[in-house]
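Letters go in sequence order (proteins before strands), and every chain restarts at 1. Everything numeric here is computed off the predicted structure, so don't read it as measured data.
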Protein chains: 2
Amino acid sequence: MASQEVLQAFVQAATQGSFSAAARKLGRSQSTISAAVASLEIDLDLILFDRSSRKPTLTPAGHVMLQRAEEILAATSRLEMTASQLAQGVEPKLTVAISDTYQSDRFEAALSAFEQRYPDLELECLIAECDDLVALVQSGRAHVAFAEQQDSYPPDLVSSTVQERTEIALFVSREHPLAALASIDQDTLQQHRELRLATIVNPYESRAKGRVWSAPSYLMLLEMAQGGFGWAPLPRWLVGRFGAGTLQELNVRGWPKPLFVDALWSRLHPPGPAGSWLLSKMLE
Amino acid sequence: MASQEVLQAFVQAATQGSFSAAARKLGRSQSTISAAVASLEIDLDLILFDRSSRKPTLTPAGHVMLQRAEEILAATSRLEMTASQLAQGVEPKLTVAISDTYQSDRFEAALSAFEQRYPDLELECLIAECDDLVALVQSGRAHVAFAEQQDSYPPDLVSSTVQERTEIALFVSREHPLAALASIDQDTLQQHRELRLATIVNPYESRAKGRVWSAPSYLMLLEMAQGGFGWAPLPRWLVGRFGAGTLQELNVRGWPKPLFVDALWSRLHPPGPAGSWLLSKMLE
DNA sequence: CATGAACTATCGCCTTGATCGATGGTTATT
DNA sequence: AATAACCATCGATCAAGGCGATAGTTCATG
């Protein structure tokens, strides 16, 4: 079986174009490299180098084997990389729960930076709203969450406001009766169906003052609004990105409202280095 | 450095859920597996298994490392696979030159079968016509070629006709004057510009009897025909697939012509097992 | 609760393979 | 012709993988 040392010797020899140079690079003696390549050639039953000239050059078969060997070395270096990260306490998998309330610009920037920093770390993104997000973090199912700001959180959660503001406004389909009105008061609004977020934890605290339909995500609400089923409070960026011009913003007193996003994590299941790093990126 | 044996022991132990079972599977003693896992844990500075219960179970970190370890083993088995193929004389890289004359159905079927049979073999496809194809095979640059049948080939080439027939017909743009005529004789045809294949080897044997534009591939000819620059003989399937209904077939005596495709290879640089296998698939 | 079956950890010993330094042969440069 | 750099080979050394035996755990069962 081709061992790591042998493969490394082969790859270095191939890329350096010289056994001696490879030996110097790897800090081994020249005879070691020579023996390694020879043993590899025997094991694979192939001639890897053409030794007729001064400097050994790869045979065509050698070129192909070089690729395969480099794949192995790359895989082992990935293994060592993630091992050292795990040994330093980095979580094996990072779970982030976000609201689709959340404006994606900063988050995407943070994610791409994260991808550079922890290329091999598994990342799980959950989508949920309000109480569901709190529950996910509390239970330890998610390490970090980004949620629409609430007045208070359970005592075991820590929150910090993200420096970024979006807006939530009221929208209806362009075909909806309300779309024609220049300005709308509360009573008029109440005469039409509201599309509202429902959480899974807290299915529906029925303080309904009118007909209400609910869905567990803003994206579903948007689709229901597009269907003309009622008016809905929606994040502006979401409508801009997925609304495709089919929605109309309503002019109602008190709207649009500014939106503040909190980062949440748990004192009991504190995020590891990767989670903390992501948090600091998001909060800077 | 994590050796293959150790990794294999780890992966087997993880998938079997038991060190002893892994030992049986790998034909090693139980102590070997135990020692291997222990040494791996020391090397990586990680606890991979939770030994508190009867059967050892992977820790979260162990799950991640299992993935990485399997990547390495997969890479080494690929290395061994291609090594054994190369050792049996399979060419390190197969170069096939085809004419875009060639109907793709059978060729695509052959390619996908090829992909099953030689998953790790590098494949290069060159596109050329007539004399260029012959030159590619003669020089050894391509191992196999599929070309429009010619009367004779250089003595060092072997040819065999592919059992498949396509048709070449004359086409013009729908806006072209010829498109309006129900039937056309040779003289009328000669009064308009011909779009003809030019090879690179044999740039243009100027027996032109009229205004002629030429291009090195049928696809370019098709585009020129779509531009309305003249009439062109084109393979039917090519027009059906890339013509997008913009071309009109001409009714001329002697057209459409049946098209025969020859497989070509060289006696001097005979194709290896992979090339021969592809040939037999194509000729069956 | 006692027993037995199956499992893991550890110890001593052996074999394999990676490594080194020394030596000699080959190739290209001066 | 001399030199410098390169590769192959040999014998010795040492670490790591392997085995078998043994002892300690864990779990199911009567």
Side-chain angles (χ1 to χ4, degrees), chain A residues 1-59 61-62 65-66 69 72-73 76 79-80 83, chain B residues 1-59 61-62 65-66 69 72-73 76 79-80 83:
Chain A
M1 191 160 308
S3 74
Q4 300 286 331
E5 294 83 9
V6 167
L7 291 180
Q8 225 159 9
F10 167 50
V11 169
Q12 273 303 322
T15 55
Q16 299 284 329
S18 150
F19 290 10
S20 304
R24 286 189 290 272
K25 195 114 182 179
L26 294 175
R28 302 271 117 91
S29 78
Q30 174 266 323
S31 63
T32 299
I33 308 297
S34 181
V37 172
S39 84
L40 185 60
E41 287 182 318
I42 291 174
D43 282 0
L44 302 180
D45 193 18
L46 281 175
I47 304 296
L48 298 174
F49 287 96
D50 174 15
R51 281 122 160 139
S52 65
S53 82
R54 181 169 175 70
K55 301 217 146 193
T57 55
L58 282 175
T59 59
M65 297 314 295
L66 175 60
I72 297 179
L73 294 186
T76 72
L79 177 133
E80 283 163 359
Chain B
M1 193 158 307
S3 74
Q4 300 286 330
E5 295 84 9
V6 168
L7 291 180
Q8 225 159 8
F10 166 51
V11 169
Q12 273 304 319
T15 56
Q16 299 285 328
S18 151
F19 291 9
S20 304
R24 287 189 290 274
K25 195 113 182 179
L26 293 175
R28 302 269 115 93
S29 78
Q30 174 266 323
S31 62
T32 300
I33 308 297
S34 183
V37 173
S39 83
L40 185 60
E41 288 182 318
I42 291 174
D43 282 359
L44 302 181
D45 193 19
L46 281 175
I47 305 296
L48 298 172
F49 287 96
D50 174 16
R51 280 118 159 146
S52 66
S53 82
R54 181 171 175 68
K55 301 217 144 193
T57 55
L58 281 176
T59 59
M65 297 314 295
L66 175 59
I72 296 180
L73 294 186
T76 72
L79 177 132
E80 283 163 0

Engineer: Do we see a donor-acceptor contact under 3.5 Å between the side chains of A:Ser34 and A:Ser31?
Structural biologist: no
Engineer: Could you write nucleotides 7-16 of chain D as a row of B, S and -, 5' to 3', where a protein heavy atom under 4.0 Å of any base atom gives B, of only sugar-phosphate atoms gives S, and otherwise -?
Structural biologist: BBB-------
Engineer: Rounding to 10 degrees, work out the angle separating the end axes of the helix from C:dC1-D:dG30 to C:dT30-D:dA1 (five pairs an end).
Structural biologist: 30°
Engineer: Once rounded to the nearest 0.5 Å, what's the spacing between atom CG of A:Leu73 and atom CG of A:Leu66?
Structural biologist: 9.5 Å
Engineer: Is a side-chain donor-acceptor pair under 3.5 Å present for A:Glu5 with A:Ser3?
Structural biologist: yes
Engineer: Looking only at heavy atoms, what is the nearest atom pair of B:Ala2 and B:Leu7, with distance?
Structural biologist: CB-CD2, 4.1 Å
Engineer: How many Å lie between CD on A:Glu5 and C1' on C:dC20, as a whole number?
Structural biologist: 15 Å
Engineer: Report the distance from atom CG of A:Asp50 to atom P of D:dC6, rounded to the nearest whole Å.
Structural biologist: 18 Å
Engineer: Expressed as a whole number of angstroms, how long is the span from B:Ile42:CD1 to C:dT10:C1'?
Structural biologist: 12 Å
Engineer: Hey, does the side chain of A:Glu41 reach the backbone of A:Phe49 with a donor-acceptor pair shorter than 3.5 angstrom?
Structural biologist: yes
Engineer: For A:Ala36 and A:Ser53, find the nucleotide of DNA chain C closest to each by heavy atoms; which residue's nucleotide sits nearer the 5' end?
Structural biologist: A:Ala36
Engineer: Could you tell me which non-hydrogen atom of B:Leu26 sits nearest to which non-hydrogen atom of B:Ala9, and how far apart they are?
Structural biologist: CD1-CA, 3.9 Å
Engineer: A:Leu26 CG to C:dA18 C1': how many Å, rounded?
Structural biologist: 13 Å
Engineer: Can you tell me how far C1' of C:dT8 sits from CZ of B:Phe10, to the nearest Å?
Structural biologist: 17 Å
Engineer: Could you check A:Phe19 against A:Val37 for side-chain contact (heavy atoms from CB on, under 4.5 Å), going step by step and ending with a plain yes or no?
Structural biologist: CA-CA 9 Å; A:Phe19 290 10; A:Val37 172; 4.0 Å; yes
Engineer: Can you check the B:Arg28 CZ to C:dT16 P distance for me, whole Å?
Structural biologist: 13 Å
Engineer: Round to a whole Å and report the spacing from CZ of A:Arg24 to C1' of C:dC20.
Structural biologist: 17 Å
Engineer: So does A:Ile47 get a backbone contact from the side chain of A:Thr59, meaning a donor-acceptor N/O pair under 3.5 Å?
Structural biologist: yes
Engineer: Going by the rule side chain to side chain contact (heavy atoms under 4.5 Å, CB included), which residues pair with A:Ala35 if we only count those two or more places apart in sequence or in a different chain?
Structural biologist: none
Engineer: Starting from P on C:dA18, measure out to CD on A:Gln8 and report it in whole angstrom.
Structural biologist: 13 Å
